[in-house]
Every structure is written in structure tokens, then in C-alpha cells.
Trainee: 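If you scroll down you'll find the structure; I have some questions about it.
Position 1 is the first residue of the sequence; numbering continues from there.
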Amino acid sequence: MNTCSPAGAPAARYAGLRTHVKIGLPLAAAGAGIGLVAVQGCGHSAPKPPAQSAPPPAPTQPAPSTTPPTTPPASPPPAQVPNPLDNTGMAGNTLAVKIDNVGAHTQAIHQGLAQADIVYWIQVEGGLSRFLAVYDANHLPAMIGPVRSARQTDIPLLQQYGHLDLAYSGAISGLLPLLAQADLQNVTPFTDPGAFTHRAMDPTFVDPHQILAKFPSVPARSPGFVFGAAPGGGSPLGSMTWHLPAASIGVHFNGSSYDVAVDGHPAWSGTATVVVQHVSIVPGLFTDHNAGHPDNEVFTQTTGSGPAEVLRDGSVWSTHWNRPDPAAGTSFTLPDGSAMTFATGPVLLVLVP
């Protein structure tokens, strides 16, 4: 059978309706029986189906609006804040690297110290020194190093920065559990051998872009520094050198920033603020026997309080440092209690007794 719709009617209303019409016709011939003929058809000539009750009228639909739908506003991008490490550019994720500093040959192949936001000069065993450099992801050098081993001092010192990446070449065995428990992303030749050049053999360097692309880190947060115009009351000071038992570091103001010398050799330029933080350096938890004799890995206490000097713009200010909470930053205040302001640009912190 065919399925048809009345002409001019919407097909959808009648879809699936089959029309069956039975018509009885008397036959004139005598003696003939009565025949039934089934007639099926479509179109105007076909008989109409029996009357059916009309369906209820469809509800009136409002005319479609010609006003385009309102698009909800896009979510604003995350707020960008000035880099709190050296007040240069905007904040990005944070990376710290432990850098070797022993011997003229090592100092001659340093890479990345001039680009660090913050550099700490720290005493290690034998009265020698190491650098701990902190970088903001928005302005990184191509390579950093030579990379050396972590120390006990690094853990509480870096706690004020949050969960940042720390790249180092290794550590004494007793320190490894403490490093694993610390709020750090440890990046070593064991966790990522491909991040270290020369198969992690000394001297080895790291690519900071590669590390920050692969490992979680937090955006830079303030270690307590306040940046601004120089306060009054500073005393002119063009050059100064500080000593550990077997190491030294010195600075010279060149008219716009400080040139840094390590053990009497030129190291890098461009430091804007130099902080001399007087700390307690005490015996550490671990002793190193790698030199053929026992050397205690001393511990530098960076929580507490004490005197400090701040050099900027060719002058020096006597200040007081305070950090009672290891998770908080270090404040530097003037004798009247106001904050000591740093110059915009890289900061060098000299940790000495």
C-alpha cells in the first residue's frame, strides 16, 4: 500500500496514516450476487476518508527573536604581578640551582650568575663557598652552572620561596632523606639525567628552560624584599670585600650597578643591591669524607634575626634582618623601624658571621 498525505497539508501531521475505503455497489444483472470492491487512491479524485475529529490547534509559538544571544564574558586571564625577586618584569615560576665556586678554573666557566634574580654566597666545608642562585622563569639564561651538590643549609633557606625546583648534582647520603621530605622539586641526575650536560660528570650544567618545562614549580613569591627609591641616611661606599676562612667575595660600584669579584677574580656585573646578612655558621648534621679527611658540612642559620648591611647606589645602610618563621620571608629594617628599600635589579646576599 502507498502512504499519502492530502494535498496542501503538512506531511508531518499525516505521516504513517493509511487510508482504506470500502464502497458497496448494487449490480443490475439479475441473479448476480453482491460484489465488494476495495478502492485505494490518492489525490483529488480519491474518495475522502470518514470524518475524524480535528486535532487541537497547535499552541501559538512566539516569533523568533532577531536579537543575537548574549555571549558570556570570557574569564579574565590570571593576574600578572611584578617579579618579587628583583622587581624586573612579571612573576614566573621559580628555579634554584646550586653552583660550584671552588678554584679559578671553575670560576672562569661560570654560566648564568649574571642573569640570576638572587644569588646567595654560602660557606661550605673547609671554609670554602658555594652559590645558590634563584631564577624567575620569565628571564632565564641558556645554561647555568657548573652544578654541584646540595647542602643542609639549602633546605630552610629555600623554604621561604614555596615549592620551587632545586637543581643539584647530588648530596651526601645522610642528607638525601631530608631533601626528599622538603617542600622542593628535586631535580638531579637521578630524577632527570637528561637535564644535565656531560652525562652529569663534573663539570655539568643545566638548561633552566628544560627543567621548568618538565617539573612543577610555583610562581615567584617575595622573600621579604621591598623595592623603591633609596632612603635617606646612607653612607657612601664604593667597594667592599668579605671573607670566609678559605674564600672571599667583593663588590665595586661602577656608577650604575655592582661588579662582583670572587676570590679576587672578576665574576659578573649588573647586581643592583648587595645584602650582607650576618648569621650564625655552626657544625652541620653531616660530615664529608670525599677529600680523604673528614670535613663537617657546616650549617648556616638563616632563621632568627641579626644585623645586616645593604649596599645600593654606591652607599651603605645599617639594617636589621628578621625571619622568625622559616616559611616566611626575611625583613630588612632601618633603625627607625621602616623597611629598607632595594634597588630594582638582581640581588646578591652575602651570608657571613
Trainee: Residues two or more places apart in sequence or in another chain: which of them pass side chain to side chain contact (heavy atoms under 4.5 Å, CB included) with Val352?
Mentor: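 Applying side chain to side chain contact (heavy atoms under 4.5 Å, CB included) to Val352 gives Trp121, Trp242, Leu244, Val276, His278, Val350.
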Trainee: Can you give me the closest heavy-atom contact between Gly284 and Asn296, atom names plus distance?
Mentor: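 The pair with the smallest heavy-atom distance is N-OD1, 2.7 Å.
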Trainee: Consider only side-chain heavy atoms of I, L, V, M, F, W and Y, link residues closer than 4.5 Å, and tell whether Tyr120 and Leu128 are in one cluster.
Mentor: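 No, Tyr120 does not connect to Leu128 through the hydrophobic network.
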Trainee: Val275, Ile281: one ILVMFWY side-chain cluster at the under-4.5 Å cut-off?
Mentor: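 Yes: a chain of side-chain contacts under 4.5 Å links Val275 to Ile281.
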Trainee: Should the pair Trp268 and Phe131 be assigned to parallel (<30°), tilted (30 to 60°) or perpendicular (>60°) ring geometry?
Mentor: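 Judged by the thresholds at 30° and 60°, the geometry between Trp268 and Phe131 is perpendicular.
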Trainee: When you look at Asp192 and Gln210, which way does the side-chain contact (heavy atoms from CB on, under 4.5 Å) test go after all the steps?
Mentor: CA-CA 11 Å; Asp192 187 10; Gln210 177 181 338; 4.2 Å; yes
Trainee: Only one of Leu348, Val274, Asp263 passes side-chain contact (heavy atoms from CB on, under 4.5 Å) with Ile249; say which it is.
Mentor: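 Option passing the side-chain contact (heavy atoms from CB on, under 4.5 Å) with Ile249: Leu348.
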Trainee: About how many Å separate OG1 of Thr197 and CZ of Arg199, when rounded to the nearest 0.5 Å?
Mentor: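 Here the interatomic distance stands at 10.0 Å.
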Trainee: Under 3.5 Å, side chain of Asp259 to main-chain N/O of Ser269, donor-acceptor pair present?
Mentor: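 Checking the backbone N and O of Ser269 against the side chain of Asp259, no donor-acceptor pair under 3.5 Å is found.
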Trainee: If I take atom CD1 from residue Ile155 and atom CG from residue Asp183, how far apart are they, to the nearest 0.5 angstrom?
Mentor: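 Taking CD1 in Ile155 and CG in Asp183, the distance rounds to 11.0 Å.
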Trainee: Quick one: closest heavy-atom pair of Ser257 and Thr271, and the distance?
Mentor: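 Closest approach of Ser257 to Thr271, heavy atoms only: CB-O, 3.3 Å.
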Trainee: Drop me the distance from Phe332's CZ to Thr273's OG1, to the nearest 0.5 angstrom.
Mentor: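 Here the rounded value is 10.5 Å.
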Trainee: Same cluster or not: are Leu349 and Leu334 linked, directly or through other Ile, Leu, Val, Met, Phe, Trp or Tyr residues, by side-chain heavy atoms under 4.5 angstrom apart?
Mentor: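 Looking at the clustering, Leu334 is in the same group as Leu349.
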Trainee: With the side chain counted from C-beta on, respond yes when Trp317 and Arg312 share a heavy-atom pair under 4.5 Å apart, and no when they do not.
Mentor: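 Yes - at least one pair of side-chain heavy atoms lies under 4.5 Å apart.
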Trainee: Checking side-chain polar atoms at under 3.5 Å, does Asn83 have a donor or acceptor matched by the opposite partner on Asn138?
Mentor: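 Per modelled atom types, Asn83 and Asn138 side chains form no pair under 3.5 Å.
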Trainee: I need the minimum non-hydrogen distance between Ala343 and Asp313, along with the two atoms involved.
Mentor: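 Nearest heavy atoms, Ala343 then Asp313: CB-OD1, 4.5 Å.
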Trainee: Please tell me if the side chains of Leu85 and Pro223 come closer than 4.5 Å, counting only heavy atoms from C-beta onward.
Mentor: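 Leu85 vs Pro223: side chains touch.
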Trainee: For the hydrophobic clusters of this structure (ILVMFWY residues joined by side-chain heavy atoms under 4.5 Å, transitively), does one cluster hold both Leu184 and Leu285?
Mentor: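 Cluster IDs for Leu184 and Leu285 match.
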Trainee: Taking all non-hydrogen atoms of both residues into account, name the closest pair between Pro208 and Ala142 and its distance.
Mentor: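 In this case the closest contact between Pro208 and Ala142 is CD-O, 3.6 Å.
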Trainee: Drop me the distance from Asn101's CG to Leu132's CG, to the nearest 0.5 angstrom.
Mentor: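 Result: 12.5 Å between the selected atoms.
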Trainee: Is the side chain of Tyr258 donor-acceptor paired with the backbone N or O of Gly250 at a distance under 3.5 Å, no angle test?
Mentor: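 No: the side chain of Tyr258 does not pair with the backbone of Gly250.
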Trainee: Might you work through the side-chain contact (heavy atoms from CB on, under 4.5 Å) test for Leu212 and Leu140, ending with a clear yes or no?
Mentor: CA-CA 10 Å; Leu212 285 167; Leu140 296 170; 3.6 Å; yes
Trainee: Give every residue pair that meets the ring-ring contact (aromatic ring centres under 6.0 Å, His included) criterion with at least one member in residues 201-232, sequence neighbours excluded.
Mentor: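 Of all non-adjacent pairs touching residues 201-232, those that pass ring-ring contact (aromatic ring centres under 6.0 Å, His included) are Phe225-Phe342.
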Trainee: Answer yes or no: is there a side-chain heavy-atom contact under 4.5 Å between Gln185 and Thr191?
Mentor: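 They are not in side-chain contact.
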Trainee: For Ser149, is there any backbone N or O sitting under 3.5 Å from a side-chain donor or acceptor partner on Ser169?
Mentor: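 Yes.
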Trainee: Between Thr153 (side chain only) and Thr300 (backbone N and O only), is there a donor and an acceptor less than 3.5 Å apart?
Mentor: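 Yes.
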Trainee: For Arg148, which of Thr106, Val124, Thr204, Asp100 qualifies under side-chain contact (heavy atoms from CB on, under 4.5 Å)?
Mentor: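 Among Thr106, Val124, Thr204, Asp100, the one meeting side-chain contact (heavy atoms from CB on, under 4.5 Å) with Arg148 is Asp100.
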Trainee: Between Thr94 (side chain) and Ala220 (backbone), is there a donor-acceptor pair under 3.5 Å?
Mentor: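 Pair found, side chain donor or acceptor close to backbone of Ala220.
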Trainee: Check whether any side-chain heavy atom of Asp117 sits under 4.5 Å from a side-chain heavy atom of Thr88, and report yes or no.
Mentor: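 The answer is no; the side chains never approach within 4.5 Å.
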Trainee: Under 3.5 Å, is there a donor-acceptor pair between the side chain of Tyr135 and the main chain of Ile144?
Mentor: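 No: the side chain of Tyr135 does not pair with the backbone of Ile144.
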Trainee: Rounded at 0.5 Å granularity, tell me how far CD in Gln123 sits from CZ in Arg130.
Mentor: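 Reported value, rounded in 0.5 Å steps: 11.5 Å.
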Trainee: Has Thr319 got a side-chain atom pairing as donor or acceptor with Ala308's backbone, closer than 3.5 angstrom?
Mentor: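 Between the backbone of Ala308 and the side chain of Thr319 there is a qualifying donor-acceptor contact (under 3.5 Å).
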Trainee: Between Met143 and Val187, is there a shared hydrophobic cluster once you connect ILVMFWY residues whose side-chain heavy atoms come closer than 4.5 Å?
Mentor: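 Cluster IDs for Met143 and Val187 differ.
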Trainee: For the residue pair Asn93 and Pro219, what are the closest heavy atoms and their distance?
Mentor: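 The answer is OD1-N, 3.4 Å.
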Trainee: Hey, does the side chain of Arg323 reach the backbone of Ala328 with a donor-acceptor pair shorter than 3.5 angstrom?
Mentor: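 Looks like yes, one N/O pair under 3.5 Å.
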Trainee: Determine the minimum heavy-atom distance between Ile211 and Ala167, stating which atoms define it.
Mentor: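 The pair with the smallest heavy-atom distance is CD1-CB, 4.0 Å.
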Trainee: Decide yes or no for Asp86 and His139: does some side-chain heavy atom of the first lie under 4.5 Å from some side-chain heavy atom of the second?
Mentor: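 Answer yes - side chains close enough.
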Trainee: For the OG atom of Ser280 and the CG atom of Leu351, what is their distance to the nearest 0.5 Å?
Mentor: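 Reported value, rounded in 0.5 Å steps: 11.5 Å.
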Trainee: Is the backbone N or O of Gly224 less than 3.5 Å from a side-chain atom of Ser222, with the two atoms forming a donor-acceptor pair by type?
Mentor: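 Yes, Ser222 side chain to Gly224 backbone: donor-acceptor pair under 3.5 Å.
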Trainee: So do the side chains of Met240 and Val316 get within less than 4.5 Å of each other, counting heavy atoms only?
Mentor: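 Side chain of Met240 against side chain of Val316, heavy atoms only: no contact under 4.5 Å found.
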Trainee: Are His110 and Val262 packed together at the side-chain level, in the sense that at least one heavy-atom pair is separated by less than 4.5 angstrom?
Mentor: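 When only atoms from C-beta onward are counted, Val262 and His110 do not touch, as no gap falls below 4.5 Å.
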Trainee: Are the side chain of Asn186 and the backbone of Leu179 linked by a donor-acceptor contact shorter than 3.5 Å?
Mentor: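 Yes, the answer is positive, given that a donor and an acceptor are paired below the 3.5 Å cut-off.
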Trainee: Measuring only between side-chain heavy atoms, which start at C-beta, is Glu297 closer than 4.5 Å to Gln152?
Mentor: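 No, their side chains stay 4.5 Å or more apart.
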